[in-house]
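Single-structure report; data block below.
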Amino acid sequence: MSSIETALVEVALPVPLFQTFTYAIDPEAGRVPVAGSRVLVPFRNRKEIGICLGPADGARLRQKAKLIIEAPDDEPALSESMLALCRWIADYYIVPIGIALRTALPAAMAGAAQPQPVRKTHRVVRLRQDLPTITHREKAFARAPQQRAVFEMLESLGGASTVEHLLRQLAFSPSVLRGLEKRGLLRIEAEEVDRDPFALRPAGSAARLEATAAQHAAIESLKLGSAGEVFLLHGITGSGKTLVYIELLRQLVDGRGQTGIVLVPEIALTPQTVDRFRAVFGDRIAVLHSALSDGERYDAWLALKRGQKRIAVGARSAIFAPLANLGAIIVDEEHESSYKQGETPRYHAREVAIVRARSEGAIVVLGSATPSLESWTNVASGKYTLLSLPDRVGGGKLPRVEVVDLRRRAAGSMDASKGSGTGYQAVIREELDTELAKTLSRGEQSILLLNRRGYSSFVQCNDCGDVVVCPNCSITLTLHRAPERLLCHYCSHQEPLRAKCARCGGDTLKNRGLGTQQIERLLGDRFPSARIARMDVDTTSGKWAHAEILDRVAAKEVDILLGTQMIAKGLDFPNVTLVGVVDADVGINLPDFRASERCFQLLSQVAGRAGRGPKGGRVLIQTRLPAHHAVRCALTHDYHTFVGEELKGRVKPAYPPTVRLANIVFSGTNDRATAEMAENGADWISSLLRTHTGAEVTLVGPAPCPIERVKTRWRWHVLLKSENSSELTRVARYFMERFDVPPALRVTLDRDPVALL
Ligand code: ADP
Ligand code: ZN
């Protein structure tokens with residue numbers, strides 16, 4: 001008879017309960033799940049997919065364990081080390097283990113059945129013969145230059161391509177392919193291919209660049225990195241960080257048979273970077289694009305798990321790529337807040353990367369021109385190893401950055417105090433206008449940043465001053481054109497533009513504050529023959545929208561690229577010689593402790609887009625706050641001074657990296673009930689802190705959140721602060737597991753929040 005241990009298993013379910021569950025296995029029916037396998041189980045009156053954590057002893061059972069319905073996986077979906085990683089996420093971010101595990105698996109695995117990799121067939125062309133010498137070639141293709149072109153194109157593509165790619169993208173004619181096939185130089189056949197949406201995007205040439213001395217030194221240090229070591233690669237914009245990543249991976253993947261993960265802030269924004277990796281590693285890379293369908297994502301996941309793909313490139317969730325024998329995890333632009341997930345589990349991919357690397361013996365490379373204060377402090381304390389690329393490749397200089405003071409009266413403007421008036425001259429000041437005109441006349445390109453989408457940022461009554469706000473959220477509605485409507489950027493509430501003020505009935509509603517749509521119109525009027533492209537959330541909803549806009553910029557089909565922070569990252573266009581920041585102060589006064597840091601990073605990043613070619617470049621920053629340290633240090637590209645000043649401001653009151661934070665948000669649709677719960681929660685924590693001896697945790701609040709209401713829910717919060725991370729965990733966990741949340745109300749916890757709004 002089998003013992004009770006083998007008949008019962010512990011199962012984690014993706015439900016908001018801090019516990020695991022015990023189920024029984026029917027020994028007659030099918031396979032016995034092992035740790036990491038998915039199981040389908042009855043839960044309440046539904047079925048849930050859970051993850052088996054291993055055998056259970058049944059000690060906590062109060063009733064007879066229910067039987068598992070099905071164990072669909074041939075092999076465990078999650079390896080031992082991925083289970084351990086999810087346990088860490090559950091512990092550190094204080095979420096149920098079942099929810100952490102669900103996050104680590106592709107969505108297709110959340111269904112009950114074994115997902116089937118769905119593969120498309122394509123007609124694929126393969127070379128059949130080598131023509132090793134020039135003489136061979138000249139003889140073979142003497143009267144067939146088109147055939148030679150196809151032949152050599154296939155060679156440069158590694159010997160194979162799809163028919164579709166050759167005909168559509170490369171515009172060869174079908175008769176040329178048939179001719180080569182007839183001569184036995186290639187064959188065409190149907191093949192299953194991965195649903196890799198990048199497969200048809202040409203990867204560009206893999207011309208190998210010679211590393212500069214600084215790049216070489218960084219690569220050598222990384223090669224000698226010890227298991228779990230974290231490197232901060234601090235390289236100014238244009239210093240060639242990507243080449244360091246590529247050469248490191250080349251060593252690990254080709255030389256040592258290892259694998260790697262490359263995290264980028266948002267894959268759609270960085271087609272150039274992705275193309276460079278693809279050019280080198282070809283089909284050994286899985287690009288985990290956010291626009292992949294569930295099926296495509298599953299295909300990529302499986303190919304990584306089976307070792308068919310060796311490198312995963314993607315946004316934060318790529319940290320869960322099921323690669324074995326991991327050599328390195330690269331986190332490009334490590335300071336980006338998009339690495340933090342905005343919903344449960346609110347993990348930070350950079351922190352998860354460090355934990356995963358430590359447990360799997362890999363190294364971590366954090367790259368940035370403007371490292372987060374957290375990472376910089378970890379260098380100072382000796383936790384991370386600093387590597388620097390202090391110069392631009394090829395002796396290029398960082399562009400000259402100048403300030404345009406928006407407090408000065410605009411030429412031709414009647415009212416200087418209303419600097420945000422909507423006339424072109426008030427918006428694009430003379431200095432910037434002159435540079436734009438010069439850049440256009442030289443046939444060079446400009447980038448203009450305004451980190452606010454829409455047409456104007458709010459609508460205000462000229463008589464009573466009332467501002468139109470969202471009925472669901474405590475923020476103003478933004479005016480959008482084409483189609484004209486008022487839109488909430490938090491909940492997407494829409495309404496038509498009003499004719500009269502809802503409060504006083506006045507009929508002089510004014511559009512205030514600039515958005516990218518308005519700048520686009522003003523620029524179009526000023527430079528009617530300029531080709532202007534706008535890149536923001538509203539113009540980039542399609543799967544390839546970003547890449548299409550950027551491809552047009554690369555092909556010099558765009559004179560002025562205008563956009564939100566989307567245009568600040570990673571772009572490398574040598575013909576861009578002017579960068580203008582229309583209003584640097586957007587966001588700088590937000591009631592958030594990271595507002596200055598984010599502003600400095602954004603200005604430095606966007607400034608770094610200028611002058612990447614031999615023609616050099618200039619940057620003009622329009623601001624009302626030229627003395628603010630974020631603006632001042634961006635002017636001189638002075639990261640170190642910025643960090644010094646910013647750190648001083650994080651001591652009193654204490655904010656990260658001086659202390660660790662957990663932000664506990666109480667929310668509900670009833671204003672009073674929410675406030676009451678926040679008061680109770682704060683009292684509950686205060687008394688815990690009083691009785692819990694040795695707790696080095698302080699409580700701040702309760703207070704309404706800076707944005708008091710979002711999607712009809714009122715929001716209050718308290719902050720837990722501590723220099724001691726494990727104490728913070730203990731207090732926060734104790735609270736989250738035991739505090740009674742009244743029905744219809746909600747409590748969420750955000751560990752290491754990137755924003756407190
Ligand atoms: P970063 O990411 O640090 O801003 P990139 O990696 O985009 O910089 O590199 C900037 C430019 O320099 C790119 O066009 C890249 O191809 C080029 N580059 C990088 N390293 C070298 C090198 N060793 N030799 C020649 N060009 C290089
Ligand atoms: Zn809203």
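All residue numbers refer to positions in the sequence shown, counting from 1. Counting starts at 1 for both ligands and their atoms, in listed order.
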Original post:
Ser239: heavy atom below 4.0 Å from ligand 1, yes or no?
Top reply: yes
**OP:** Any atoms of ligand 1 less than 4.0 Å from a non-hydrogen atom of Thr212? List them with their elements.
**Re:** 23 (N)
**OP:** Tell me whether His489 has at least one N, O or S atom under 2.8 Å from the Zn ion (ligand 2).
**Re:** no
**OP:** Inspect the contact between Asp254 and Arg284 and indicate whether a charged nitrogen and a carboxylate oxygen are less than 4.0 angstrom apart.
**Re:** yes
Subject >> Working for side chain to side chain donor-acceptor pair (under 3.5 Å), residues His640 and His234 >> reply: CA-CA 11 Å; His640 296 97; His234 180 213; 4.6 Å; no
Subject >> Protein residue, atom and distance nearest to atom 20 (N) of ligand 1, heavy-atom basis >> reply: Gln215 NE2, 2.9 Å
Original post:
N/O/S of Cys470 less than 2.8 Å from the Zn ion (ligand 2)?
Top reply: yes
**OP:** Could you establish whether Arg612 and ligand 1 come within less than 4.0 Å of each other, counting only heavy atoms on the residue side?
**Re:** yes
Subject >> Closest approach of any protein heavy atom to atom 9 (O) of ligand 1, naming residue and atom >> reply: Gly240 CA, 3.5 Å
Original post:
Hey, is Gly235 one of the residues with a heavy atom under 4.0 angstrom from ligand 1?
Top reply: no
Original post:
Considering only protein heavy atoms, which is closest to atom 11 (C) of ligand 1, and at what distance to one decimal place?
Top reply: Asp572 OD2, 3.6 Å
**OP:** For salt bridge (charged side-chain N to carboxylate O under 4.0 Å, His left out), just list the numbers for Arg208 and Glu247, CA-CA rounded to whole Å, side-chain angles, deciding distance to a tenth of an Å, and then say yes or no.
**Re:** CA-CA 10 Å; Arg208 194 162 171 175; Glu247 289 305 316; 3.1 Å; yes
**OP:** Grab the two heavy atoms, one from Glu336 and one from Pro265, that are nearest each other, plus how far apart they are.
**Re:** CG-CG, 3.5 Å
Original post:
Please state which protein non-hydrogen atom is closest to atom 15 (C) of ligand 1 and give its distance, to 0.1 Å?
Top reply: Arg276 NH2, 3.6 Å
Original post:
Which one holds for Ala211 and ligand 1: side chain close, backbone close, both close, or neither close, with close meaning a heavy atom under 4.0 Å?
Top reply: backbone
**OP:** Please could you name the atoms of ligand 1 that Ile236 approaches to less than 4.0 Å, counting only its heavy atoms?
**Re:** 3 (O)
